[in-house]
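These numbers were taken from a predicted model, which means no experiment stands behind them.
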Amino acid sequence: MKNWKISISIVLLYIAMQFGSIPVSKGLFTYFQDTAGMAKEDAAYYGFAWALFITNLIAAPIILFMTTRNKRFWDIFKKGKKATPWMTILWGVLGFFMAMAGQMIAGIIEIALGIKPGSENTALLSDIAKATPIIIFSIVIFAPLLEEIVFRRVLFGGIYTKTNFWIAAIVSGIVFAAVHGELEHLLIYTAPGMVFAFIYHHTKRIWTPMIAHFLMNGFVMIVQLNYEKLEQLQNMKQAVISFLQ
C-alpha cells in the first residue's frame with residue numbers, strides 16, 4: 001500500500017475514533033446512571049473516560065498495524081542518519097523540557113495579549129481522572145502515541161516532503177493546537193507541537209516526540225492530580241520563610 005493511502009486511512013480511523021467515542025460515551029453514561037445508580041455527573045465522567053479508553057484501545061493497534069504495511073512509511077527524511085536509541089531517549093527528555101519552556105513563553109505572550117490563563121480542558125480532564133483513573137491511560141499513553149503518528153508523521157511528514165521544515169512545522173503545529181478545541185490558547189498548544197516537529201526532524205525517529213509527549217502529559221497529569229497538596233506545600237514554605245524573617 002502506498003504511503004499516502006496509509007496516511008489517509010490513519011487519519012480517517014483517528015477521526016472515526018474521536019467521533020465514535022461519543023455514542024459509546026452516551027451508552028455507558030446510561031448504564032452507569034440507570035444500572036449502576038451513579039449520580040449524573042459521576043456517570044458522565046465514567047462514561048466519557050471508559051468510552052475514550054475503549055476506542056483508544058481499539059484504534060491504537062489498528063493504526064500501528066497500518067504503519068507496518070509499507071516499510072518505507074517512516075522514511076520521509078532524505079538527508080541525515082537516524083539517531084541511536086540512546087540519543088532518541090535523550091532528545092525525547094530534552095524535548096519535554098523544550099516543550100514546557102515553549103508553553104511557558106506562549107503563556108506569557110497570551111497574558112500580555114489579555115488572554116485569561118488556564119486551560120478548561122486540562123482542568124476538566126483532571127477532574128475526570130480523579131473520579132475515573134482509567135482516563136490516565138488515554139491521556140498519558142494513547143494520546144501521545146496516536147497524536148504523534150497523526151500530526152507528526154502523517155501531517156508534518158506529508159507537508160515536509162512537499163515543502164520544507166518551517167511550513168510543515170507551523171501548519172502541523174497549528175492544526176495540532178486547533179484540534180484541542182481551545183482556540184484562545186492556540187499559542188500554548190502550537191509551541192509544543194513545533195518542538196515535537198523539531199526533535200522528530202532532528203533525530204529522524206518518531207519515538208523522540210512520542211517520549212517528549214508522554215513525559216509532558218504525564219507531568220501535567222501529576223501536577224493536576226496533586227495540585228491541592230502542592231498548594232499546601234507552597235503555603236507552608238511561605239509561612240516558614242515569613243517566620244524566619
Tell me the closest heavy-atom pair linking [X] and [Y], and the distance in Å.
{"X": "I139", "Y": "N217", "value": "O-ND2, 2.8 Å"}
{"X": "T67", "Y": "L64", "value": "OG1-O, 2.5 Å"}
{"X": "T132", "Y": "A49", "value": "CG2-CB, 3.6 Å"}

| Is a side-chain donor or acceptor of S172 paired with a backbone partner of A169 at a separation under 3.5 angstrom? |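 Yes: the side chain of S172 pairs with the backbone of A169.
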| Main-chain N/O of A131 paired to Y46 side chain as donor or acceptor, under 3.5 Å |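 Yes.
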| message | Any donor-acceptor pair under 3.5 Å linking the side-chain atoms of T203 with those of T208? | response |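 Side chains of T208 and T203: pair found under 3.5 Å.
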Taking C-beta and beyond as the side chain, do [X] and [Y] meet within less than 4.5 Å on heavy atoms?
{"X": "L28", "Y": "I54", "value": "yes"}
{"X": "Y45", "Y": "M38", "value": "no"}
{"X": "L125", "Y": "F48", "value": "yes"}
{"X": "F29", "Y": "K40", "value": "yes"}
{"X": "V11", "Y": "L155", "value": "no"}
{"X": "I76", "Y": "H201", "value": "no"}
{"X": "F142", "Y": "M17", "value": "no"}
{"X": "I149", "Y": "M210", "value": "yes"}

| said: Check for me whether the distance between the ring centres of F165 and F77 falls short of 6.0 Å. | reply: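 For F165 and F77, the ring centres are not under 6.0 Å apart.
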Please tabulate, for the side chains in residues 96-120, all donor-acceptor contacts under 3.5 angstrom to protein atoms that are two or more places apart in sequence or on a different chain.
from	atom 1	to	atom 2	distance (Å)
Q103	NE2	I188	O	3.1
E110	OE1	H185	ND1	2.8
S119	OG	N121	N	3.4
S119	OG	T122	N	3.1
S119	OG	T122	OG1	3.1
S119	OG	E182	OE1	2.7
S119	OG	E182	OE2	3.3
S119	OG	Y189	OH	3.3

Spacing of [atom1] belonging to [X] relative to [atom2] belonging to [Y], to within rounding of 0.5 Å:
{"X": "I174", "Y": "L183", "atom1": "CD1", "atom2": "CG", "answer": "11.0 Å"}
{"X": "D75", "Y": "K204", "atom1": "CG", "atom2": "NZ", "answer": "12.0 Å"}
{"X": "I6", "Y": "F65", "atom1": "CD1", "atom2": "CZ", "answer": "10.0 Å"}
{"X": "L52", "Y": "I22", "atom1": "CG", "atom2": "CD1", "answer": "11.0 Å"}

| request: Give the ring-plane orientation class for F198 versus H202, where under 30° counts as parallel, over 60° as perpendicular and anything between as tilted. | output: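 Parallel.
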| Parallel, tilted or perpendicular: which fits the ring planes of W50 and F53, with parallel below 30° and perpendicular above 60°? |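 Ring orientation, 0 to 90° scale: perpendicular.
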For [X], is the [atom1] atom crowded, meaning more than 12 foreign heavy atoms sit under 6.0 Å from it?
{"X": "F137", "atom1": "CZ", "result": "no"}
{"X": "K26", "atom1": "NZ", "result": "no"}
{"X": "W74", "atom1": "CH2", "result": "yes"}
{"X": "Y31", "atom1": "OH", "result": "no"}

| Got a sec, which residues hit side chain to side chain contact (heavy atoms under 4.5 Å, CB included) with L12, two or more places apart in sequence or on another chain? |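 Residues passing side chain to side chain contact (heavy atoms under 4.5 Å, CB included) with L12: I8.
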| request: Just jot down the side chain to side chain contact (heavy atoms under 4.5 Å, CB included) partners of V179, sequence neighbours excluded, or say none. | output: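 Listed in chain order: F151, V175.
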| query | Looking at F176, is R152 sitting on its ring face, NZ or CZ under 6.0 Å from the six-membered ring centre and within 45 degrees of the normal? | reply |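 Cation-pi check for R152 and F176: passes.
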